[in-house]
Amino acid sequence: MKGNVKYTKQFFSPVGVSSDWRKKEYIDKPPRWCSVDLRDGNQALIIPMSLEEKLEFFKLLCEIGFKEIEVGFPAASETEYEFCRTIIERGLIPDDVTIQVLTQSREHIIAKTFEALRGCKNAVVHLYNSTSVAQREQVFRKSREEIINIATFGARLCKEYKAKAEGNVVFEYSPESFTGTEPEFALEICNEVIKIWEPTPENKVIINLPVTVSHSMPHIYANQVEYMHKNLLNRENVIISLHPHNDRGCAVADSELGLLAGGDRIEGTLFGNGERTGNVDIITLALNMYSQGVDPGLDFSDLPRLCRVYESVTRMSVYDRQPYSGKLVFAAFSGSHQDAIAKGMKFREGRDIPWTVPYLPIDPTDVGRVYEADVIRINSQSGKGGIGYILETQFNLNLPQKIRESFGYHVKSISDHEHRELLPAEVYDIFIRDYVNLSSIISLEQAYYSECADGVISANVKLVYGGKSYNVTAEGNGRLDCVSNAVKKIIPYDYSLEGYNQHAIEGKTAAKAASYVSLACDGELFWGAGIDSDIGSSSVKALISAVNNLLKIKNG
């Protein structure tokens, strides 16, 4: 790439705007939403949706809560026409949902469009023609006046056809390529259309300001929207709609600033599907509002299901890092992130407080995700906090801090060696295999305990070590101490009992206890765990497990 001689600024900054929108800090109410998945999104597919797939998607959009859905361009193809007729004739359009159809400013196309709407209760007829300098000069080779004539011709025809229509028809006009149009000309052509349609409080019109191609930073688009907002005729009876495309990766920012600048309505798609880089992703935009405490009025409580349906009917895929929707957007592999999330979740327990969990902008369960399966993910980058969190939340094993650290390094080493992520069940299996009720090198076959004077306990213990059986008698201040003293008599290593913890394992099965023991030998710590229905037995099993791990290392 060589310099910037080839390119020049293609946007127009309106004159005389005050940029009042800059004083606003957030969007305090949701816009009117219009899904264009079935037209703008569908036309961008390699294989457009079939009739049945469009019907399935339409029903999903209604379930989500969209009240305005653009269903296609009925005059463009028989499939588009047939779909419009099908949802009308089968009575599939809820009474509170308005369908929207697109039309060019040509008489036979407008006629076909109104024919497709026959019997529809509520519809938006969306008229458009391109207005940008590039389109006027290169494509149409027409003057401003000729471009205005195209728009007004279509506006009058639509008005004539509406007078003969059965249902309630609302008009929408788009100066296509708005962002490449001189602001004063965009205003002029929109006002000419408004004059013809004569909006009233009971019969408002929609002026759509599309970012057909994104040419500028978002604040420029906001200034363009504000200019229209402050200068459109009959503004109180005009709904300003925004339709941002994502050429510069700014569709969400364009939408948010455009709403601050006077926009009332958003046209977009689920997951941002659409021509080239796509449209604004309504899921991202809506959940951004949700994260700031604003109810968007759309139901995204089961995003995994939406992803499945979307991927099925469009043959597209939802990117793993797609905001809110991707499989990995709530996942934490980093040890420090996992630790912070786990502590944040612990901090919330029993507290009715606003959501402030580190690294998670919203509660994953609000969009149908599961903490244990989606948030804490285990690989070679993971830490003790996340690994301990999985064992505690999914398997009811509350490991002491030191063993969490030891086990964490152990799991990370396995993941690093195998070059893959470990599933929660695999983490649990590793813990059971390498820490719990171990007996491969030394095993406790039986033990008989008796009380002596002064609270001392005596034990007759049968141990198997190195293929030989040993019957050993030892004393201690409890069962654990007794067995430990017996073990010390037959192994060639001296150790001290450093730590002991235990807890009940809560679950649907019979009550069990988990115990954790650490041994210190030659400056190293060795851990073991025991699980048994009896707390005393679990502690002894933990000791023997720790000794097995000590012997495994010491014996090489």
Side-chain angles (χ1 to χ4, degrees), residues 31-43 51 54-55 57-129 151 154-174 176 193-194 196-208 210 237-241 243 264-269:
R32 288 173 54 163
W33 301 105
C34 177
S35 161
V36 294
D37 289 270
L38 297 175
R39 194 273 301 176
D40 207 8
N42 181 55
Q43 75 182 20
L51 174 62
K54 289 190 79 171
L55 289 172
F57 207 165
F58 178 76
K59 292 176 183 177
L60 178 67
L61 294 170
C62 291
E63 289 177 26
I64 290 170
F66 284 100
K67 302 305 178 187
E68 297 177 29
I69 302 172
E70 188 168 271
V71 298
F73 195 151
S77 72
E78 279 306 307
T79 301
E80 297 282 278
Y81 182 86
E82 182 185 3
F83 175 67
C84 188
R85 294 305 310 151
T86 298
I87 59 176
I88 294 171
E89 292 171 3
R90 292 188 190 178
L92 298 177
I93 307 171
D95 289 340
D96 61 346
V97 171
T98 298
I99 63 169
Q100 179 169 305
V101 290
L102 189 70
T103 180
Q104 292 174 333
S105 187
R106 301 167 69 183
E107 185 166 6
H108 71 284
I109 292 178
I110 291 173
K112 184 79 170 179
T113 300
F114 275 89
E115 180 186 319
L117 292 174
R118 188 179 67 256
C120 182
K121 294 179 181 178
N122 298 292
V124 173
V125 173
H126 183 183
L127 174 72
Y128 78 96
N129 68 304
R156 290 190 184 95
L157 270 181
C158 285
K159 190 173 182 179
E160 291 175 16
Y161 276 94
K162 175 180 177 177
K164 297 177 284 187
E166 302 168 12
N168 177 43
V169 175
V170 172
F171 289 140
E172 174 176 351
Y173 173 69
S174 286
E176 192 199 2
V193 171
I194 291 170
I196 294 169
W197 283 344
E198 301 177 301
T200 66
E202 296 75 28
N203 189 24
K204 295 184 177 184
V205 301
I206 301 168
I207 295 296
N208 189 49
N237 295 321
V238 172
I239 297 160
I240 291 182
S241 179
H243 185 124
D264 307 303
R265 182 177 183 264
I266 291 289
E267 293 186 351
T269 57

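Fair warning: this is a prediction, and the values are worked out from it, not measured in the lab.
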Exercise. Got a second to check how far Ile87's CD1 is from Ile69's CD1, nearest 0.5 Å?
Worked result: 8.0 Å
For this session: Taking salt bridge (charged side-chain N to carboxylate O under 4.0 Å, His left out) as the test, write out the residues that go with Lys204, two or more places apart.
Result: none
Problem set entry | Lys/Arg-Asp/Glu bridge criterion (N-O < 4.0 Å) met for Glu172, Arg265 | yes
Seminar exercise, completed: Between Gln100 and Cys34 the two heavy atoms that sit nearest each other are OE1-SG, 3.6 Å
Exercise. To the nearest 0.5 Å, what is the distance between CG (Leu51) and CZ (Phe58)?
Worked result: 12.0 Å
Exercise. Taking atom types as modelled, is there a side-chain donor on Asn122 or Thr98 under 3.5 Å from an acceptor on the other?
Worked result: no
Exercise. Do Lys162 and Asn203 pass the side chain to side chain contact (heavy atoms under 4.5 Å, CB included) test, and can you show the C-alpha distance, the side-chain angles, and the key distance before you say yes or no?
Worked result: CA-CA 12 Å; Lys162 175 180 177 177; Asn203 189 24; 2.8 Å; yes
Problem set entry | Sequence-distant partners of His243, ring-ring contact (aromatic ring centres under 6.0 Å, His included), two or more places apart | His245
For this session: Return the set of residues passing side-chain hydrogen bond (donor to acceptor under 3.5 Å, both in side chains) with Asn42 (not counting sequence neighbours), or none when no residue passes.
Result: none
Problem set entry | Note, Arg90 side chain near Leu55 side chain (heavy atom, < 4.5 Å) | yes
Problem set entry | Minimum heavy-atom distance between Cys158 and Trp197, given as atom pair plus value | CB-NE1, 4.4 Å
Seminar exercise, completed: Sequence neighbours excluded, the answer for side-chain hydrogen bond (donor to acceptor under 3.5 Å, both in side chains) partners of Glu198 is Lys159
Problem set entry | Non-neighbouring partners of Arg118 that pass salt bridge (charged side-chain N to carboxylate O under 4.0 Å, His left out), sequence neighbours left out | none
Exercise. Between Cys84 and Ala116, what is the shortest heavy-atom contact and its length?
Worked result: SG-O, 3.5 Å
Exercise. Residues in side-chain hydrogen bond (donor to acceptor under 3.5 Å, both in side chains) with Glu166, at least two apart?
Worked result: none
Problem set entry | Shortest non-hydrogen separation from Asn208 to Ser174 and the atoms involved | ND2-OG, 2.9 Å
Exercise. Between atom CD of Glu89 and atom SG of Cys120, what is the distance when rounded to the nearest 0.5 Å?
Worked result: 11.5 Å
Problem set entry | All side-chain hydrogen bond (donor to acceptor under 3.5 Å, both in side chains) counterparts of Glu63, not counting sequence neighbours | Arg305
For this session: Would you please name every residue forming a side-chain contact (heavy atoms from CB on, under 4.5 Å) with Asp96, sequence neighbours left out?
Result: Lys67, Pro94
Exercise. Ala155 and Val193: which non-hydrogen atoms are nearest, and at how many Å?
Worked result: CB-CG1, 4.1 Å
For this session: Please round to the nearest 0.5 Å and tell me the distance separating atom NZ of Lys59 and atom CD1 of Ile93.
Result: 12.5 Å
Exercise. Looking at residues at least two apart in the chain, or sitting in another chain, which of them share a salt bridge (charged side-chain N to carboxylate O under 4.0 Å, His left out) with Glu82?
Worked result: none
Seminar exercise, completed: Rounded to the nearest 0.5 angstrom, the CG-CD1 distance for Leu117 and Ile99 is 5.5 Å
Exercise. Within the distance-only criterion (no hydrogens, no angle test), does the side chain of Lys54 pair as donor or acceptor with the backbone N or O of Leu38 below 3.5 angstrom?
Worked result: yes
Seminar exercise, completed: Scanning both residues in full, the closest heavy-atom pair of Pro74 with Leu102 reads CD-O, 3.9 Å
Problem set entry | Member of Ile206, Val238, Ile196, Asn129 meeting the side chain to side chain contact (heavy atoms under 4.5 Å, CB included) criterion with Tyr173 | Asn129
Exercise. Pairs in or reaching into residues 83-117: which pass ring-ring contact (aromatic ring centres under 6.0 Å, His included), with residues at least two apart or in two chains?
Worked result: Phe114-Tyr161
For this session: Hey, could you give me the OG/CD1 distance between Ser241 and Ile266, rounded to the nearest 0.5 Å?
Result: 7.0 Å
Problem set entry | Set of residues satisfying side-chain contact (heavy atoms from CB on, under 4.5 Å) with respect to Gln104, sequence neighbours excluded | Phe73, Arg106, Ile109, Tyr128
Problem set entry | Worked verdict on Asn237 versus Ile194 for side chain to side chain contact (heavy atoms under 4.5 Å, CB included) | CA-CA 10 Å; Asn237 295 321; Ile194 291 170; over 6 Å; no
Exercise. By salt bridge (charged side-chain N to carboxylate O under 4.0 Å, His left out), which residues pair with Glu78, not counting sequence neighbours?
Worked result: Lys112
